[in-house]
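Keep in mind the model is a prediction, meaning the values are calculated, not measured.
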Amino acid sequence: MLERNEQAKQRWGGAHKSIDTWLHARQDLLIEYFKLAGLPPYERESQALPALADVRNFCGMLMDYISAGHFEIYDQIIESTDKAPQSTRDIANELFPLISDTTEIALDFNDRYSERDERSDLKNFDRELSSLGEALELRMEFEDRLLAALDQHELLVVDNQS
């Protein structure tokens with residue numbers, strides 16, 4: 001996932017300030033995900049759960065990332081597809097519902113874990129975090145396909161002043 005994000009930053013970085021900010025937030029979210037999941041290079045003790053403060057921080061970042069996509073980036077993509085050929089609009093129409101499915105998974109995770117306290121049972125945390133990771137990976141694939149479709153038709157205008 002981190003490699004995918006790095007490739008996206010290299011490919012579309014500089015296209016638009018909001019895309020740059022969004023890709024940076026995506027990278028920060030992925031790093032926190034890797035830390036929570038105990039994935040290399042952020043291994044954690046076997047069977048140890050992350051601190052609840054770290055889980056809450058991650059949930060906040062997750063909601064910020066999801067919100068930025070839905071309320072900023074996707075609006076710009078929709079606006080750009082008005083100028084795009086039908087094939088690009090078709091790709092967007094195909095991918096937005098799939099992205100929405102991943103949003104539901106993220107919202108469910110947030111609802112389950114953002115308000116936990118020290119007495120909470122986290123026995124399913126690793127499994128649910130793994131499911132969220134799979135959803136995030138799909139989401140990023142879908143987002144990158146959208147950006148690639150727009151880029152193919154030169155609809156990602158270089159504008160770092162926006």
Return each pair, listed once, that meets side chain to side chain donor-acceptor pair (under 3.5 Å) where at least one residue sits in residues 50-66; pairs must be two or more places apart or across chains.
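Pairs touching residues 50-66 that pass the test: Y65-E143.
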Spacing of L95 atom CG and E141 atom CD [to the nearest 0.5 Å]
9.0 Å
Nearest 0.5 Å, please: how far is CG in L147 from CH2 in W22?
5.0 Å
T103: side-chain hydrogen bond (donor to acceptor under 3.5 Å, both in side chains) partners, not counting sequence neighbours:
H70, R139
Partners passing side-chain hydrogen bond (donor to acceptor under 3.5 Å, both in side chains) against Q86 (at least two apart in sequence or in another chain)
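Per chain and number, Q86 pairs via side-chain hydrogen bond (donor to acceptor under 3.5 Å, both in side chains) with R89, D90.
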Among residues at least two apart in sequence or on other chains, which ones pass ring pair (Phe, Tyr, Trp, His ring centres under 6.0 Å) with Y33?
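By the ring pair (Phe, Tyr, Trp, His ring centres under 6.0 Å) rule, Y33 matches no residue at all.
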Side-chain heavy atoms of [X] within contact of [Y], under 4.5 Å:
X	Y	result
I31	Q27	yes
F58	L132	yes
F109	S131	no
N110	I66	no

Any donor-acceptor N/O pair, S100 side chain to F96 backbone, under 3.5 Å
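Judged by distance alone, yes, a pair lies under 3.5 Å.
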Under the salt bridge (charged side-chain N to carboxylate O under 4.0 Å, His left out) test, residues paired with E115 that sit two or more places apart:
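Expected list: none.
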I'd like to check the side chain to side chain contact (heavy atoms under 4.5 Å, CB included) partners of R116; sequence neighbours left out, ordered by chain and number.
L52, R112, Y113, S120, L122
